[in-house]
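This report concerns only the one structure given below.
Here, residue 1 is the first one in the sequence, and each next residue gets the next number.
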Amino acid sequence: MNAISTPYGFATTAAEVAQGVDLTGRRAVVTGAASGLGTETARVLAGTGAAVTLAVRDVAAGRRVAEEITAATGNREVHVGRLDLTDLASVAAFAEAWQGPLHILVNNAGVMACPERYTEQGWEWQFATNHLGHFALATGLHRALAADGAARIVSVSSSAHQRSPIVWDDVHFAFRPYDPWLAYAQSKTANVLFAVEASRRWADDGITANALMPGAILTNLQRHTDGRGSGTIPPELMKTVAQGAATSVLLAVSPLLDGVGGRYFADCDEAEVLDRRGVPLQGVARYALDGENARRLWDLSEESVKSSG
């Protein structure tokens with residue numbers, strides 16, 4: 001299986017990736033679209049003519065962004081839906097309210113390196129937000145995605161996944177001392193494994209899912225790190241928000257990705273598979289693409305969501 005290479009790269013913007021793409025009549029959902037990469041992703045998708053729903057916790061903020069997107073693109077099919085990924089009732093309500101097919105689901109929302117916190121189910125907050133909430137959303141929207149016959153799911157991960165695989169015996173830090181970066185890393189590994197298993201499990205529905213590293217971008221995601229992220233990335237490797245959203249948009253709209261699923265991308269190209277940590281911001285750990293790990297995570301996630309329903 002050859003790695004996918006595109007004409008785009010590190011400095012490409014989301015708008016450049018989407019140039020010439022017409023998604024009139026298509027429908028997309030972008031989680032966490034009230035700020036940062038989510039806003040830019042939604043704006044560019046709206047610019048292609050797609051009907052875009054901003055799935056956000058803060059509906060008022062979402063409406064302000066929707067108005068700005070409509071003003072910028074002329075697309076009046078920009079909608080807002082309330083979604084709190086740590087609240088399964090909120091996730092279920094969003095999925096149940098959806099009517100008709102869904103062509104693109106961008107699982108963009110997330111938290112990074114937050115202080116120790118747990119949901120009412122006892123789930124570690126980052127794993128719950130970054131993975132379990134998105135898992136419940138995607139499975140809840142499965143019929144809508146399957147109705148298209150060629151729907152795409154975009155799972156926003158991070159090169160931080162290289163810091164930790166899934167720690168199966170202690171996913172929620174019940175025994176280990178809580179470490180915000182290890183918790184973040186584990187949740188980002190889960191984002192990749194979800195894409196692997198969703199592509200395998202839903203292949204007959206024509207659904208493909210891919211994961212990505214957007215790059216190092218200073219957004220609201222860094223609010224728990226004094227706005228610095230990991231603090232280890234040199235300035236020349238930092239991206240703008242427009243550049244950071246490019247790989248998400250590529251996976252959502254590019255004909256180069258037709259029928260492609262279960263892969264991990266960075267800088268608009270498929271990433272090298274690694275057996276040891278590699279160059280910062282590049283590469284994907286082999287454990288994050290492992291099919292057995294992906295199936296095990298799916299079973300764990302399904303049982304977690306069902307038992308909390």
(request) Taking only Lys NZ, Arg NE, NH1 and NH2, and the carboxylate oxygens of Asp or Glu, determine whether Asp258 and Arg152 approach each other closer than 4.0 Å. (result) yes
(request) Inspect the contact between Arg26 and Asp148 and indicate whether a charged nitrogen and a carboxylate oxygen are less than 4.0 angstrom apart. (result) yes
(request) Would you check if there is a donor-acceptor pair between the side chains of Ser155 and His134 at a distance under 3.5 Å? (result) no
(request) For Asn130 and Ser187, test the side chains for any donor-to-acceptor distance below 3.5 angstrom and give the result as yes or no. (result) yes
Residue pairs fulfilling ring pair (Phe, Tyr, Trp, His ring centres under 6.0 Å) with at least one residue in [range], sequence neighbours excluded:
{"range": "residues 15-42", "result": "none"}
{"range": "residues 190-213", "result": "His142-Trp202, Phe194-Trp298, Trp202-Trp298"}
{"range": "residues 51-86", "result": "none"}

Should we count [atom1] of [X] as having more than 12 external heavy atoms under 6.0 Å?
{"X": "Gln19", "atom1": "CD", "result": "no"}
{"X": "Arg200", "atom1": "CZ", "result": "yes"}
{"X": "Asp169", "atom1": "CG", "result": "no"}

(message) Using the rule given for salt bridge (charged side-chain N to carboxylate O under 4.0 Å, His left out), can you reason through Arg82 versus Asp58, listing the C-alpha separation, both sets of side-chain angles and the distance that settles it, and then say yes or no?
(response) CA-CA 7 Å; Arg82 185 181 182 278; Asp58 186 337; over 6 Å; no
(message) Taking salt bridge (Lys or Arg N to Asp or Glu O under 4.0 Å) as the cut-off, I'd like each qualifying pair that reaches into residues 271-285, sequence neighbours left out, listed once.
(response) Asp275-Arg286
Using side-chain heavy atoms (C-beta onward) and a distance below 4.5 Å, is [X] in contact with [Y]?
{"X": "Lys239", "Y": "Phe10", "value": "yes"}
{"X": "Asp179", "Y": "Tyr184", "value": "no"}
{"X": "Ile153", "Y": "Leu145", "value": "yes"}
{"X": "Leu85", "Y": "Leu83", "value": "yes"}
{"X": "Val106", "Y": "Thr31", "value": "no"}
{"X": "Leu88", "Y": "Ser308", "value": "yes"}
{"X": "Ile4", "Y": "Asn2", "value": "no"}
{"X": "Leu257", "Y": "Asn210", "value": "yes"}

Can you name the nearest heavy-atom pair linking [X] to [Y], along with the distance?
{"X": "Ala66", "Y": "Leu54", "answer": "N-CD1, 3.8 Å"}
{"X": "Ser159", "Y": "Gln282", "answer": "CB-N, 4.5 Å"}
{"X": "Gln126", "Y": "Cys114", "answer": "CG-SG, 3.5 Å"}
{"X": "Leu274", "Y": "Gln162", "answer": "CD1-NE2, 3.7 Å"}
{"X": "Ala147", "Y": "Pro101", "answer": "CB-CB, 4.0 Å"}
{"X": "His161", "Y": "Ala285", "answer": "NE2-N, 2.9 Å"}

(request) Could I get the full list of side chain to side chain contact (heavy atoms under 4.5 Å, CB included) partners for Ser248, not counting sequence neighbours? (result) Thr41, Val154, Val156, Leu212
(message) If you apply the rule salt bridge (charged side-chain N to carboxylate O under 4.0 Å, His left out), what do you find for Glu303 with Lys306, and how did you get there?
(response) CA-CA 5 Å; Glu303 181 58 33; Lys306 281 183 178 178; over 6 Å; no
(message) If you apply the rule salt bridge (charged side-chain N to carboxylate O under 4.0 Å, His left out), what do you find for Glu292 with Arg295, and how did you get there?
(response) CA-CA 5 Å; Glu292 182 55 39; Arg295 286 187 287 273; 3.5 Å; yes
(message) For a salt bridge (charged side-chain N to carboxylate O under 4.0 Å, His left out) check, start with the C-alpha distance between Arg176 and Asp170, then their side-chain angles and the critical distance, and finish with the verdict.
(response) CA-CA 7 Å; Arg176 293 178 287 161; Asp170 194 19; 3.4 Å; yes
(request) Working to the nearest 0.5 Å, report the span between NE2 of His172 and CH2 of Trp123. (result) 7.0 Å
(message) Nearest 0.5 Å, please: how far is CD in Glu77 from CD1 in Ile69?
(response) 13.0 Å
(request) Take Glu116 and Tyr118, measure what side chain to side chain donor-acceptor pair (under 3.5 Å) needs, and give me the verdict at the end. (result) CA-CA 7 Å; Glu116 185 170 12; Tyr118 298 89; 2.6 Å; yes
(message) Restricting to ring-ring contact (aromatic ring centres under 6.0 Å, His included), what partner residues turn up for Trp125, sequence neighbours left out?
(response) none
